[in-house]
Amino acid sequence: MAAASSSDYKGCGAESNEANSKWLDAHYDPMANIHTFSACLALADLHGDGEYKLVVGDLGPGGQQPRLKVLKGPLVMTESPLPALPAAAATFLMEQHEPRTPALALASGPCVYVYKNLRPYFKFSLPQLPPNPLEQDLWNQAKEDRIDPLTLKEMLESIRETAEEPLSVQSLRFLQLELSEMEAFVNQHKSNSIKRQMSLPSVPVFLEVSGQFDVEFRLAAACRNGNIYILRRDSKHPKYCIELSAQPVGLIRVHKVLVVGSTQDSLHGFTHKGKKLWTVQMPAAILTMNLLEQHSRGLQAIMTGLANGEVRIYRDKALLNVIHTPDAVTSLCFGRYGREDNTLIMTTRGGGLIIKILKRTAVFVEGGSEVGPPPAQAMKLNVPRKTRLYVDQTLREREAGTAMHRAFQTDLYLLRLRAARAYLQALESSLSPVSATAREPLKLHAVVSIWVQGLGPTFKLTLHLQNTSTARPVLGLLVCCLYNEALYSLPRAFFKVPLLVPGLNYPLETFVESLSNKGISDIIKVLVLREGQSAPLLSAHVNMPGSEGLAAA
C-alpha cells in the first residue's frame, strides 16, 4: 500500500507529519462512515492470495442496520447486513489443505456466525434458558387477548422488580416503548415464544484467553461489577478475582501480564493471580485499547485511544510513542494489511478512517517522557546522625510499644464516639443545614448583609433554601425566626415558603431592626418547618453583627 501525500492528510496536525516520526500517513477519510470498536476489527487473508483484508463489524448508528464490511485498501469491497449489533470478530483456520483460507467468526446478538469465503457457513446459538413462569403466563394471556397492553406493562414491571430471574429480551423491549407503540408491538410478537439466552452473576464485557485448550487454558473476564474473574478449563468457579476501584474499559494480555484500562483514566498491570504490578495515569479518558505486536522485532505493546485525540503506545508502564489524530479514536487494529506487515488502522468517533504504516527503520525506544519514578528518587538522602535522644526514644517505643498502641486506639475510639454522638444530636435537633431524611431533601444557607436606612441600621437577613431532590417538588414549608425581642424586631418572623422546584436556589429575605443602643448582638435561630409537624426539618443559627450606628450615637 503506497503512502499518501501530505495533502491527503491535511489537518491531522499530528506527530506523524514531523520528520522524525515513526509512521507514514497512508490514508485518511473523515467521511468513511465506519462506526465500530476494536473487538469488531480483524485482519485476514480471506481469499488466500496474500492480500490481507480488513473485516469490520459496523454498528450502523443513527437507526441504520448493522453491517459486515470488508475493506481492501481504503475502499469497501463487500457489505452484508447483520441481524443484530456485532460484539466481536475473529478469524481462524477450519481446514489444513492448501490454500489455507481462514474463516470468519462474528458474534452478533445471541449467536456466533461463521463465514467462509465471505458467505454464511454456520450459525451457533447460545443454549436457551427457561423463561419466568409468570412472564410466560402473561404473554399467553396477551396471545388470547385476555389482557390489555397497559396491564401487561404494569405486571411485567412488577415481575422485573421482585423476581430473581431476569426478563426476556422481548419483555424488556416492550417496557421501553411508548403507550402508542405498545398495542402494535403486542400484536406483532404475542405469538412468539419468549427466550432467555444467558444467566451470569455479572455481565462480562471483555474477554482475554491465553494458552491452548488442553494445556494451560485460562480465561480472564472483566465484568460490569468492576471485577476481573480468571478461570481455568476444569474449574466451574473463578480461580482468582481482581477487584478494581472503577469500571473496566479495556482488557489486553501482554505476555503474562493483564493490562486493564479503567474509567479513572489509568492503566493497571496485573499478574494472572491478581497481584498488581504497576499503574499509569492517562491525561484523558480511555476510549479503546488493543495490542500492538511487531513480529519482526518481538515487540508487544499496548495501544490506547484517548478522548483528547491521542493514541499512546506503552510497553508496560513506559511510554514509547504518541500519535495525534484529528478526532478521538474509538477503535484500533495493528497487523498486516494489504501487503504491508506493520499497518495501524484507526476509526474515529465521527466515523472517519485513518491508516498509518510503520516505517521499516522505526525502532520504539523508551524516551525521557515515560511514566515512572522521577530521577530524584534514586538520589541518596543526606540522613543526619542519630542523636542520643533519638536512640532513647526508640528504645522506649520498643519496650512500651503495646501500651502506646492501646492508648492510641482508646483515644481514637473515644474520638469516634464523641463525633457520632455530636452528629446524632445534630440530626435529632435538626441543627444540620442539610436534611437527613430522603423524604424532605432540603439544604439551608443563611447570609446576613447590612443595609443602612435613616438614623438607625437595619439588617437584611437572606435565607437560601434549596430542594436537593432530583425530580420531586416540595410544598407546604414554613420559616420561623426565634430571637430576643428586647434586641431585635422582625416584621416577618413567620412566613410561608413557595413551591421549591428541584435544583433551584430560592433566596428568602426578611429585615431585622436592632433595638439596643449598646452595640449588643445575639443569635437568631431560623427554623424550617412542615405544616402539621412540630419538629423542625432544618435549623440554622445566625450570628448577628453589632449595631455600630446605634453604638456610636
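Keep in mind that what you see is a predicted model, and the values were worked out from it rather than measured.
Closest non-hydrogen pair, L46 versus K53, comes out as CD1-CB, 4.2 Å. Summarising the geometry of A142 relative to V186, their closest heavy-atom pair is CB-CG1, 4.1 Å, with the distance given to 0.1 Å. The shortest non-hydrogen separation linking T263 to A246 is OG1-CB, 3.2 Å. Here the shortest heavy-atom pairing between G73 and I355 reads O-CD1, 4.2 Å. Residue T101 comes nearest to H47 through the heavy atom pair CG2-C, 3.8 Å, listed as atom of the first residue, atom of the second, then distance. Nearest approach of A307 to A284, heavy atoms of both residues: N-CB, 4.2 Å.
Side-chain contact annotation: N140 with Q136, donor-acceptor N/O pair under 3.5 Å present. Counting only N and O atoms by type, the side chains of N227 and Y229 include a donor and acceptor under 3.5 Å apart. Side chains of S245 and Q264: a donor on one and an acceptor on the other come within 3.5 Å.
In summary, K69 and D58 engage in a salt bridge, as defined by a charged side-chain N under 4.0 Å from a carboxylate O. A salt bridge links R339 to E51: one of the charged nitrogens lies within less than 4.0 Å of a carboxylate oxygen. For the pair D341 and R336, the salt-bridge criterion is met [side-chain N within less than 4.0 Å of a carboxylate O].
Side-chain contact between V474 and R530 is present, with at least one heavy-atom pair separated by less than 4.5 Å. Between L54 and Y337, some side-chain heavy-atom pair lies under the 4.5 Å cut-off. Inter-residue side-chain proximity for F217 and V209 is flagged as met; some heavy-atom pair is nearer than 4.5 Å. Between F174 and L152 there is a side-chain heavy-atom pair separated by less than 4.5 Å. Side-chain contact between L244 and I228 is present, with at least one heavy-atom pair separated by less than 4.5 Å. Side-chain contact between L179 and L150 is present, with heavy atoms from C-beta onward closer than 4.5 Å. Side-chain contact between L344 and W23 is present, with at least one heavy-atom pair separated by less than 4.5 Å. At a threshold of 4.5 Å between non-hydrogen side-chain atoms, the residues L71 and L353 count as touching.
Q247 places a side-chain N or O within 3.5 Å of a backbone atom of R224 that can act as its donor or acceptor partner. In this structure, R253 contributes its side chain and H255 its backbone to a donor-acceptor pair below 3.5 Å. Side-chain N or O atoms of T36 include one that pairs as donor or acceptor with a backbone N or O of G57 at under 3.5 Å. Listed for the Y506 side chain is a donor-acceptor partner under 3.5 Å among the backbone atoms of V501. With hydrogens and angles ignored, the 3.5 Å screen pairs no side-chain donor or acceptor of S38 with any backbone N or O of N290. Without hydrogens or angle criteria, D316 side chain to A318 main chain gives no donor-acceptor distance under 3.5 Å. With hydrogens and angles ignored, the 3.5 Å screen pairs a side-chain donor or acceptor of D327 with a backbone N or O of G350.
No more than 12 heavy atoms of other residues, nucleotides or ligands sit less than 6.0 Å from atom CD of E243. No more than 12 heavy atoms of other residues, nucleotides or ligands shown are found within 6.0 angstrom of CZ on F37. Within 6.0 Å of CD in E183 there are 12 or fewer heavy atoms belonging to other residues, nucleotides or ligands. Residue R119 qualifies as open at atom CZ: its count of foreign heavy atoms under 6.0 Å is 12 or below. Around the CE atom of M155, the shell of radius 6.0 Å holds no more than 12 heavy atoms that belong to other residues, nucleotides or ligands.
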Self-check item: Chi angles and distances behind the side-chain contact (heavy atoms from CB on, under 4.5 Å) call for H268, V259
Solution: CA-CA 6 Å; H268 308 279; V259 182; over 6 Å; no
Quiz item: What do the steps show when you test I313 against F334 for side-chain contact (heavy atoms from CB on, under 4.5 Å), and what is the final call?
Solution: CA-CA 12 Å; I313 302 175; F334 183 85; over 6 Å; no
Exercise. Assess whether side-chain contact (heavy atoms from CB on, under 4.5 Å) is satisfied between T330 and T288, documenting all intermediate values.
Key: CA-CA 6 Å; T330 56; T288 184; 5.5 Å; no
Quiz item: Step by step, would you call F206 with C223 a side-chain contact (heavy atoms from CB on, under 4.5 Å)?
Solution: CA-CA 7 Å; F206 299 103; C223 300; over 6 Å; no
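Once rounded to the nearest 0.5 Å, the distance linking CD1 of I230 with CG of L258 reads 5.5 Å. Here the OG1-CZ distance, from T78 to R67, works out to 10.0 Å after rounding to the nearest 0.5 Å. Put simply, CD1 on I345 and SG on C333 are 5.5 Å apart, with the number rounded to the nearest 0.5 Å. Annotation: the span from Q300 atom CD to Q294 atom CD amounts to 11.5 Å, rounded to 0.5 Å. For the atom pair OH of Y240 and OG1 of T271, the computed distance is 8.5 Å after rounding to the nearest 0.5 Å. The line from CG of N187 to NZ of K143 is 13.5 Å long, rounded to the nearest 0.5 Å.
Identified under the salt bridge (charged side-chain N to carboxylate O under 4.0 Å, His left out) test for residues 300-310, with sequence neighbours left out: E310-R312.
By the 6.0 Å and 45° rule, K116 stacks over the aromatic ring of Y121.
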